[in-house]
There are 2 protein chains.
Amino acid sequence: MENLVREKRVALGMTQDELSLMLDVSRQTIISLEKGRYNPSITLAFKLAKLFQCTIEEIFIYEEE
Amino acid sequence: MENLVREKRVALGMTQDELSLMLDVSRQTIISLEKGRYNPSITLAFKLAKLFQCTIEEIFIYEEE
DNA sequence: AAAGTATGTCAAGCTCACTTTACATTTATC
DNA sequence: GATAAATGTAAAGTGAGCTTGACATACTTT
């Protein structure tokens, strides 16, 4: 699943560390997410959507199987 | 996290078994989801949104911590 | 060049989403 | 009331999301 986490984070002028603190996750989680190593939990997706003030669908691009 | 899976499924006249087959998950997953026993993966949330022709946010209601 | 900030890798461990199987209970229909 | 369909519970196992910690590699700035 593709995502625009890095783009949205940079657009807000935040570091990975700052983002991780605001979302209450580890920095590793942000790194791995941005690198596309795994999909977020739906809870983390909701947290990101709230922080970025957009929908989950605007951050994560779902391509079937 | 609250969700409207049961309501949307029933609105389509589907059984839990039929829904599980269409989503390619186990029937147990549907039961547990509807009972609110755990949150779906973001992948399953996307599958449900596609099948129900709505957004993830229209199915799952996020309340913070 | 040295020091600090930001980003990255690696590895081990934990939790929970999801599976499978087997059986119980409810709801409908004959 | 018997039978079947739909929904439910219980329990053990697997895999992925996420954590922690330690260390490596840029990129700045002084």
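Letters A, B, ... mirror the listed sequences (proteins, then strands); counts begin at 1.
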Would you say a side-chain N or O of Arg6(A) is under 4.0 Å from OP1 or OP2 of dG8(C)?
-> yes

Among dT7(D), dC18(D), dA17(C), the one nearest any side-chain atom of Pro40(A) is dC18(D)

Taking only side-chain nitrogens and oxygens of Ser32(B), does any of them come within less than 4.0 Å of OP1 or OP2 of dA17(C)?
-> no

From dC18(C), dC18(D), dG8(C), nucleotide with atom closest to Ile31(A) side chain | dG8(C)

Do Gln28(B) and dT9(D) share a donor-acceptor pair, side chain to base, under 3.5 Å?
-> yes

Does Ser41(B) put a side-chain nitrogen or oxygen below 4.0 Å from OP1 or OP2 of dC18(C)?
-> yes

Nearest-nucleotide wise, let me know which of Leu33(B) and Arg27(B) is further upstream toward the 5' end of DNA chain C.
-> Leu33(B)

Atom CG of Asp24(A) and atom P of dG17(D): how far apart are they, to the nearest Å?
-> 19 Å

If you check every side-chain atom of Asn39(A), which of dG8(D), dG17(D), dC18(C) has the closest atom?
-> dG17(D)

If you look at every strand shown and take non-hydrogen atoms under 4.0 Å, does Ser26(B) touch a base, only sugar-phosphate, or nothing?
-> base

Asn3(B) has an atom CG; how far is it from atom P of dA17(C), in whole Å?
-> 12 Å

Do Arg9(B) and Glu18(B) sit within salt-bridge range, that is, some charged N less than 4.0 Å from a carboxylate O?
-> no

Whole-Å distance between dA17(C) C1' and Ile30(B) CD1?
-> 13 Å

Whichever of Arg37(B) and Glu18(B) has the more 5' nearest nucleotide on DNA chain D, that residue is Glu18(B)

Can a donor-acceptor pair be found between the side chains of Thr29(B) and Ser32(B) at a distance below 3.5 Å?
-> no

Side-chain heavy-atom pair Glu57(B), Tyr62(B) within 4.5 angstrom cut-off | no

What is the distance, rounded to the nearest whole Å, between atom CG of Leu21(A) and atom P of dT19(D)?
-> 11 Å

Shortest non-hydrogen pair, Leu33(A) vs Leu44(A), comes out as CD1-CD2, 3.9 Å

Quick one: Leu19(A) CG to dT7(C) P, roughly how many Å, whole number?
-> 10 Å

Can Lys8(B) and Glu58(B) be counted as an ion pair, charged N to O under 4.0 angstrom?
-> no

note: Met14(B), atom CE; dA6(D), atom C1'; distance rounded to Å ~ 14 Å

Quick one: Asp17(B) CG to dT26(C) P, roughly how many Å, whole number?
-> 20 Å

Measure the distance from OH on Tyr38(A) to P on dC14(C) and round it to the nearest whole Å.
-> 17 Å

Closest to the Thr15(A) side chain: dT7(C), dT7(D), dC18(D)?
-> dT7(C)

